[in-house]
Amino acid sequence: MIPVTKPYLPDRRSLDRYLGSIYETSQLTNNGPLVQELTRRLAQYLHVDPNRLVLVANGSLALQLTYKALELTGDVLTTPFSFVASASTLLWEGITPRFVDVDATSWNMNEQYISEHITSKTKAIMPVHVFGNPCRVDQIGELAKANNLSLVYDASHCFGVTVSGKSVLDYGDASTLSFHATKLFHCVEGGAVVARDAALAEKIKRLANFGINENGLIERVGVNAKLSEMHAAMGLAVLDDIDEILAARAECWEFYESQLDGLVEFQCRSAQASNNYAYFPVLLESEPQVVRLVDELKARDIHARRYFYPSLDSVECLQGESDCIESKRISCRILCLPIYPSLPQAVQIEIVNCIREVLGSS
């Protein structure tokens, strides 16, 4: 079976070396030496200040801790074209997501629509860098500042991405990452927050450790969102291979692009941004084409994913609105093709040929 993505598993000897250190220290959690090492190495790789980087148990908690640290209430403007966690984490914290439609080509929140959605209840903007393609960060930053709104970026897809040579994680009040097993860099489960300053990062650290401060006193209500040493061990072993992972993904990505150019519509990526090759989404002409292609690939035991579908503003439990026309148009025609380091090119050729057959007979 060919999945849409396949978790990268490092060499056992590399992983065992880190696991061995856990047996030596007998420390499994509570900011152990491996978590500290991973924090240092990730900060260096991502070009961010280690004092502003907080590792947590998963990407959803990264978002929720950030909302708590910024003391968000009321409404938050976000995108309907994203994974459900972007909106559900807001609702889980008693915050109402208000959906802003997306740009037809970048598929990111369209900053031209933000102002018309701002009300007295609006407290923050939370855009998503969809498929690792950065939003127009300068324009959105200006809008947030002009309206005295907090700005949180869901950067779950943006591991290692830069904008004009600067880490995309350095924009806004905070940016969050997911280190889930399906991501190009993972800790099996994990996540991170890159805060605007060390003070906000420290607040998030305390919230992630039951609200306990450095003196062992409980100063606010918190949760347990700490990353374990076991998860850090996997992260360190994967990070050892990150250059090879990215090179292999780039090869897959570029093959698809060369073979499918002119057949399908691609996401318009920011010219100022780097590409981490996290996903390979394609946009087809119609939803029936998508459904047929999914079925034809599945018959070959190849599993593409309608990612992101449906548009979140149409999901009843998310209290969505119904005016996000572009998001609905894109979400019903989108398909992410399999991409991961060990994907054989022969399978990619089979996928491309299948797409040509389906589109040619539509």
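Everything numeric here is computed off the predicted structure, so don't read it as measured data. Below, all heavy atoms of this structure are taken into account, side chains as well, without hydrogens, waters or symmetry copies. We're numbering straight along the sequence, starting at 1.
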- Message: Taking the side chain as everything from C-beta on, heavy atoms only, tell me whether R196 gets closer than 4.5 Å to D173.
- Response: yes
- Query: What is the minimum heavy-atom distance between V358 and Q289, and which atoms define it?
  - Reply: CG1-O, 4.1 Å
- Heavy atoms from other residues, nucleotides or ligands near CD of E214 exceed 12 (cutoff 6.0 Å): yes
- Message: Tell me whether I218 at atom CD1 has more than 12 heavy atoms from other residues, nucleotides or ligands lying less than 6.0 Å away.
- Response: no
- Classify the angle between the aromatic ring planes of F179 and F185 as parallel (below 30°), tilted (30 to 60°) or perpendicular (above 60°). perpendicular
- Message: Tell me whether N133 contacts the main-chain N or O of S270 through its side chain, where contact means a donor paired with an acceptor under 3.5 Å.
- Response: yes
- Item | Exercise: do S178 and S156 side chains pair donor with acceptor under 3.5 Å | no
- Task: Answer yes or no: is there a donor N or O on one side and an acceptor on the other, between the side chain of S311 and the main chain of S314, under 3.5 Å?
- Result: no
- Message: Counting neighbours of NZ on K68 that are heavy atoms of other residues, nucleotides or ligands and sit closer than 6.0 Å, is the number greater than 12?
- Response: no
- Residue pair R249 / N275, side-chain heavy-atom distance below 4.5 Å: no
- Step by step, would you call E296 with E357 a side-chain contact (heavy atoms from CB on, under 4.5 Å)? CA-CA 10 Å; E296 291 290 337; E357 290 171 14; 5.6 Å; no
- Step through the shown structure and confirm whether more than 12 heavy atoms of other residues, nucleotides or ligands are within 6.0 Å of CD on Q112. no
- Query: Shortest non-hydrogen contact from Q27 to I22?
  - Reply: O-CG2, 3.7 Å
- Message: Side chains of D240 and Y18, heavy atoms from C-beta outward: is any pair under 4.5 Å?
- Response: yes
- Message: Please verify the inter-ring angle class for Y153 with H129; under 30° counts as parallel, over 60° as perpendicular, anything in between as tilted.
- Response: parallel
- Message: Can you confirm whether or not the ring centre of F280 sits under 6.0 Å from the ring centre of F266?
- Response: yes
- Measure the shortest side-chain to side-chain distance between E219 and L217 over non-hydrogen atoms and say whether it is less than 4.5 angstrom. no
- Taking N51 for the side chain and A198 for the main chain, is one N or O donor matched with an acceptor at less than 3.5 Å? no
- Partner of K166 under side-chain contact (heavy atoms from CB on, under 4.5 Å), chosen from V163, L169, D170: D170
- Query: For P50 and T39, which heavy atoms make the closest approach, and how far apart are they?
  - Reply: O-CG2, 4.2 Å
- Message: salt bridge (charged side-chain N to carboxylate O under 4.0 Å, His left out), that's the test. Do R329 and E326 meet it? Break it down for me.
- Response: CA-CA 5 Å; R329 286 175 178 168; E326 287 299 339; 3.2 Å; yes
- Message: Please say yes or no: joined through hydrophobic side-chain contacts below 4.5 Å, possibly via intermediate residues, are L239 and V161 part of one cluster?
- Response: yes
- Query: Can you find a side-chain donor-acceptor pair between T162 and S274 that sits under 3.5 Å?
  - Reply: yes
- Kindly check if the number of other-residue, nucleotide or ligand heavy atoms within 6.0 Å of CD (E285) is above 12? no
- Message: If I compare all heavy atoms of L312 with all of A87, which pair ends up nearest, and what's the gap?
- Response: CD1-CB, 4.2 Å
- Joint hydrophobic cluster, L149 plus L70, side-chain heavy atoms closer than 4.5 Å: no
- Hydrophobic cluster membership, L207 vs L63, 4.5 Å side-chain cutoff: yes
- Can you name the closest pair of heavy atoms from L65 and A225 and give their distance? CD1-CB, 3.7 Å
- Item | Test side-chain contact (heavy atoms from CB on, under 4.5 Å) applied to L184 and I242, step by step | CA-CA 8 Å; L184 70 90; I242 195 65; 3.9 Å; yes
- Message: As a quick check of understanding, evaluate side-chain contact (heavy atoms from CB on, under 4.5 Å) for K183 and F159, giving each step before the final call.
- Response: CA-CA 9 Å; K183 299 297 189 289; F159 187 85; over 6 Å; no
- Rounded to the nearest 0.5 Å, the CD atom of Q259 sits from the CD1 atom of I351 at a distance of 12.0 Å
- Message: Can you tell me how far apart CZ (R98) and OG1 (T119) are? Round to the nearest 0.5 Å.
- Response: 7.5 Å
- Item | Shared hydrophobic cluster, I212 / V223 (ILVMFWY, side-chain heavy atoms < 4.5 Å) | no
- Message: Can you confirm whether C332 sits close enough to V290 that some side-chain heavy atom of one is under 4.5 Å from a side-chain heavy atom of the other?
- Response: no
- Message: Quick one: does any side-chain atom of K203 pair with a main-chain N or O of A69 as donor and acceptor, under 3.5 Å?
- Response: yes
- If you count the non-hydrogen atoms of other residues, nucleotides and ligands that lie under 6.0 Å from CD in E251, is the total more than 12? no
- Message: R17 vs D11, test: salt bridge (charged side-chain N to carboxylate O under 4.0 Å, His left out). Steps then yes/no.
- Response: CA-CA 10 Å; R17 186 172 71 253; D11 183 85; over 6 Å; no
- Any cation-pi pair here, K123 with Y67, using under 6.0 Å and within 45°? no
- Item | Main-chain N/O of V130 paired to N108 side chain as donor or acceptor, under 3.5 Å | yes
- Looking at side-chain heavy atoms only, is the closest gap between D301 and I2 below 4.5 Å? no
- Query: Between the side chain of Y256 and the main-chain N/O of P338, is any donor-acceptor distance below 3.5 Å?
  - Reply: yes
- Query: Near D295 CG, under 6.0 Å, is it more than 12 heavy atoms from other residues, nucleotides or ligands?
  - Reply: yes
- Donor-acceptor under 3.5 Å (R52 side chain, V194 main chain): no
- Within the distance-only criterion (no hydrogens, no angle test), does the side chain of R269 pair as donor or acceptor with the backbone N or O of G132 below 3.5 angstrom? yes
- Mind running side-chain contact (heavy atoms from CB on, under 4.5 Å) on M109 and V128 for me, showing each step along the way? CA-CA 7 Å; M109 180 189 287; V128 178; over 6 Å; no
- Message: Test your reading of the model: is there a side-chain donor-acceptor pair from Q348 to the backbone of C252, 3.5 Å cut-off?
- Response: yes
- Knowing that exactly one of W107, F131, F83 qualifies, which makes a ring pair (Phe, Tyr, Trp, His ring centres under 6.0 Å) with F308? F131
- Message: Give me the atom names and distance for the closest heavy-atom approach of C324 to D101.
- Response: C-OD2, 3.3 Å
- In one Ile/Leu/Val/Met/Phe/Trp/Tyr side-chain cluster, 4.5 Å: Y340, L260: yes
- Any side-chain heavy atom of D138 sitting closer than 4.5 Å to one from Y171? yes
- Message: Quiz question: by atom type and distance under 3.5 Å, do the side chains of D323 and Y113 form a donor-acceptor pair?
- Response: no
- Message: Treating E229 as the side-chain partner and L34 as the backbone partner, does any N or O pair qualify as donor plus acceptor under 3.5 Å?
- Response: yes
- Message: Do K226 and N31 have side chains that approach each other closer than 4.5 Å (heavy atoms only, starting at C-beta)?
- Response: no
